[in-house]
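Residue numbers start from 1 in every chain, and the chains themselves are labelled A, B, ... in the order their sequence lines are given, proteins ahead of strands.
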Amino acid sequence: AQRVTQPEKLLSVFKGAPVELKCNYSYSGSPELFWYVQYSRQRLQLLLRHISRESIKGFTADLNKGETSFHLKKPFAQEEDSAMYYCALWGVGSGNTPLVFGKGTRLSVIA
Amino acid sequence: DAGVTQSPTHLIKTRGQQVTLRCSPKSGHDTVSWYQQALGQGPQFIFQYYEEEERQRGNFPDRFSGHQFPNYSSELNVNALLLGDSALYLCASSHRTGGPLFGPGTRLTVL
């Protein structure tokens with residue numbers, strides 16, 4: 001079964017501190033992993049996709065197949081990073097399978 | 001391109017009523033998926049439409065039904081509304097190789 005676990009419901013960090021949002025997954029095949037972000041009163045937005053290997057807004061995430069993890073990291077948190085972050089998994093044959101989401105982590109960056 | 005659009009933005013219904021939510025996918029996307037996001041939870045997959053057919057379905061009762069039109073737009077219908085159906089309903093569109101993009105959602109309140 002496909003499952004995504006985000007162990008932290010809330011993460012509070014000070015501005016300028018490093019951030020790591022944890023995501024672990026369970027999937028028997030080769031998944032595609034995503035991070036979505038939802039700012040207050042805005043729609044869910046695609047932040048990162050592991051196959052693109054991009055850095056968006058200073059965030060990076062590396063897929064670790066051995067540890068089945070896809071943690072989201074940023075070296076220096078900014079106040080505008082405060083939002084809900086969702087890790088999501090897309091199965092093999094991605095085009096027509098649903099995303100499976102974790103329950104989300106609320107990041108609060110304190111000035 | 002306006003991206004994924006949904007209507008209406010907000011909706012208030014009473015128990016037992018029926019509701020129809022609408023979604024227009026991003027231009028070039030042919031697959032539409034619907035998700036329910038309860039307060040404080042990650043989005044839960046309801047079903048997915050491709051080529052006007054329901055291809056996959058999550059763990060939702062038959063009261064939840066849908067349709068996809070030839071122009072790829074989609075409707076979500078919920079019959080015999082329950083208080084527990086109150087949630088944000090998200091539509092996501094995708095194509096074979098892209099990550100799903102989400103609409104702003106429809107906030108449904110059942111009284």
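At a 4.5 Å heavy-atom cutoff, B/F47 makes no contact with chain A through either its backbone or its side chain. The contact between B/Q37 and chain A is made entirely by side chain atoms (from C-beta outward), counting heavy-atom distances below 4.5 Å. Looking at A/Q38, the atoms closer than 4.5 Å to chain B (heavy atoms on both sides) all sit in the side chain, from C-beta outward.
In terms of heavy-atom pairs under 4.5 angstrom with chain A, the leader among B/G42, B/S33, B/P43 is B/P43.
Nearest heavy-atom pair across A/P75 and A/G58 is CD-O, 3.7 Å.
For A/K57 and A/D81, the salt-bridge test fails: no basic side-chain N is under 4.0 Å from an acidic carboxylate O.
Side-chain atoms of B/T20 and B/N77 form a donor-acceptor pair, as typed in the model, at a separation below 3.5 Å.
In this structure, B/I46 and B/L76 have side chains that are in contact, with non-hydrogen atoms separated by less than 4.5 Å.
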